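These notes concern the structure reproduced below.
Only this structure's heavy atoms are used, side chains among them; waters, hydrogens and symmetry mates stay out. Keep in mind that this is a model prediction, so the values were computed, not measured. Read the numbers this way: they start at 1 and go in the same order the structure lists the ligands and their atoms. Numbers for residues simply follow the sequence, beginning at 1.
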Amino acid sequence: MYTKTTIGDYSFTNCLMNASGIHCGTIKELDELDQSLAGSLVTKTATLKSRVGNEEPRFDWDSFGSINSMGLPNLGIDYYLEYLVEKEKQNTDKPYFLSVTGLSETEIYEILKKVNESTFQGLTELNLSCPNVPGKPLTGYDFELVETILTEVFKFFKKPLGVKLPPYFDNSHFDQIAQILNQFPLTFITSINSVGNGLWINDETTAIKPQNGFGGIGGKYVKATALANVHALYKRLKSEIKIIGVGGVSTGRDAFEHILCGASMVQIGTSLPGVGPDAKFTQVTEELTAIMQEKNYRSIEEFRGKLKYID
Ligand code: SIN
């Protein structure tokens with residue numbers, strides 16, 4: 001396929017995949033992703049123990065995007081790890097992503113030790129950017145803590161690791177986070193998680209219940225922020241750290257723009273559930289391929305990161 005890609009030592013038949021949290025909480029959903037045209041899949045972010053997450057309603061959407069305060073509902077690390085290990089036996093040449101986090105620093109180390117000791121051979125995405133756990137600050141905005149966590153993690157973690165980052169909004173923050181990430185043998189980053197602490201109102205009432213209606217915003221509303229983060233980090237990170245772009249992707253054109261900004265893979269989030277993996281990945285792959293054919297690009301490497309600036 002025109003849209004094949006690589007991250008670290010892994011090759012993918014297609015650069016498109018789901019975003020963690022979208023259609024990836026259960027074996028049924030993960031299997032549907034696996035059977036689609038997506039080049040890989042990532043699980044729902046797993047914690048050590050299963051979690052029910054925040055109170056409902058905790059998700060709402062309109063034609064431009066979504067708000068969520070899910071609160072990391074998930075079936076626990078063992079569920080997702082066992083699923084992926086089994087998948088790896090069936091599809092020996094398809095790399096998969098496992099998303100994990102901890103509600104404390106200790107839990108992050110504990111969960112990554114478990115992954116390190118398992119037979120899982122794919123890539124691990126450490127989520128440092130969930131904005132929705134009441135009382136828990138968003139790790140990716142605490143630069144000192146990110147550095148401490150990565151220092152500790154790389155003392156024992158020997159598998160390919162990436163981090164999922166929140167959106168940054170200031171050049172000094174792009175500089176600071178890149179300076180920290182460049183110190184470590186990271187295989188990739190995923191940028192961006194939802195834009196935290198948005199507020200939607202229906203008539204006179206908040207659209208979702210947790211945290212008095214505050215939640216992470218995704219979809220078309222955040223595409224400009226996502227593209228800026230992908231490009232700002234592409235310009236600052238060492239070339240060994242590949243970028244997975246996420247935010248506002250519902251068409252081949254959106255995916256093309258993420259790649260132009262520097263993404264090696266592109267995740268689809270908010271626009272996936274309404275349509276389903278089969279139809280969505282077929283549509284976006286076909287549209288992206290058509291754009292590439294029209295521009296005479298035979299691989300994504302021919303235009304990845306080559307965003308042009310007005311003179
Ligand atoms: C959630 O479960 O609250 C969303 C996950 C995330 O934003 O990382």
**Study point:** side chain to side chain donor-acceptor pair (under 3.5 Å) involving Glu55 - partner list, sequence neighbours excluded
**Key:** Lys209
Point to revise | Under 4.0 Å from ligand 1, counting heavy atoms only: the protein residues, by chain and number | key: Lys44, Asn68, Met70, Gly71, Leu72, Pro73, Asn127, Cys130, Pro131, Asn132, Asn193
Exercise for review: Classify the angle between the aromatic ring planes of Tyr109 and Phe156 as parallel (below 30°), tilted (30 to 60°) or perpendicular (above 60°).
Suggested key: perpendicular
Review point. Cation-pi between Lys87 and Tyr96: NZ/CZ under 6.0 Å from ring centre and within 45° of the ring axis?
Key: no
Study note, to complete from the structure: Sorted by chain and residue number, the side chain to side chain donor-acceptor pair (under 3.5 Å) partners of Ser11 (sequence neighbours excluded) come out as none
Point to revise | Ring-ring centroid check Phe97 Phe188, cutoff 6.0 Å | key: yes
Review point. Among pairs that include at least one residue of residues 274-289, which meet side chain to side chain donor-acceptor pair (under 3.5 Å), considering only residues two or more places apart or in two chains?
Key: Asn14-Thr285, Lys280-Gln283, Gln283-Glu287
